[in-house]
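The basis for the numbers below is simple: all heavy atoms, side chains too, and nothing from hydrogens, waters or symmetry mates.
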Amino acid sequence: MANSGKVKGQTACEYCNNFVWDEEDEQYYCEMDMDEDDYVRLVTGHYSECPYFVNGDEYKVVRHQM
């Protein structure tokens, strides 16, 4: 399901690996394939953080090793 924006809680969509830029529409979309029930739970605040969040920070491991 395509959606854009932020998710309340500790995880923000712009840091998620599933949040990608669509050049045709010129906006970001979540690539996660959610059903309608999961999407409603996510946007209504049922989850304290997004269960589909995948950190897109490639340097996280490097900073941890320093």
Side-chain angles (χ1 to χ4, degrees):
M1 176 167 285
N3 61 332
S4 60
K6 290 185 178 181
V7 175
K8 295 178 183 177
Q10 297 177 352
T11 57
C13 292
E14 59 264 5
Y15 300 115
C16 182
N17 205 34
N18 295 318
F19 200 56
V20 296
W21 178 255
D22 184 344
E23 290 188 21
E24 189 173 308
D25 291 339
E26 295 185 353
Q27 64 180 2
Y28 284 94
Y29 288 99
C30 178
E31 281 191 328
M32 196 64 220
D33 189 23
M34 290 183 251
D35 65 13
E36 191 173 325
D37 294 332
D38 280 341
Y39 179 71
V40 169
R41 282 188 213 104
L42 186 64
V43 297
T44 58
H46 179 76
Y47 298 121
S48 61
E49 58 184 47
C50 180
Y52 306 108
F53 182 81
V54 177
N55 195 335
D57 186 2
E58 299 169 356
Y59 299 104
K60 182 178 181 179
V61 173
V62 174
R63 282 195 301 274
H64 179 71
Q65 292 173 348
M66 296 174 99

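Annotation: side-chain contact (heavy atoms from CB on, under 4.5 Å) contacts of Val40 (sequence neighbours excluded): Thr44. Taking the side-chain hydrogen bond (donor to acceptor under 3.5 Å, both in side chains) definition, one finds that Asp37 meets it with nothing, sequence neighbours left out. Under the salt bridge (charged side-chain N to carboxylate O under 4.0 Å, His left out) criterion, Asp38 pairs with Arg41, not counting sequence neighbours.
Closest approach of Val54 to Asn18, counting heavy atoms only: CG2-ND2, 3.8 Å. Smallest separation of non-hydrogen atoms from Leu42 and Pro51: CD1-CD, 4.1 Å.
Checked options Tyr52, Tyr39, Phe19; the residue passing with Met32 is Tyr52 (criterion: side-chain contact (heavy atoms from CB on, under 4.5 Å)).
A donor-acceptor contact under 3.5 angstrom links the side chains of Tyr29 and Gln27, judged on distance only.
Between Trp21 and Glu26, some side-chain heavy-atom pair lies under the 4.5 Å cut-off.
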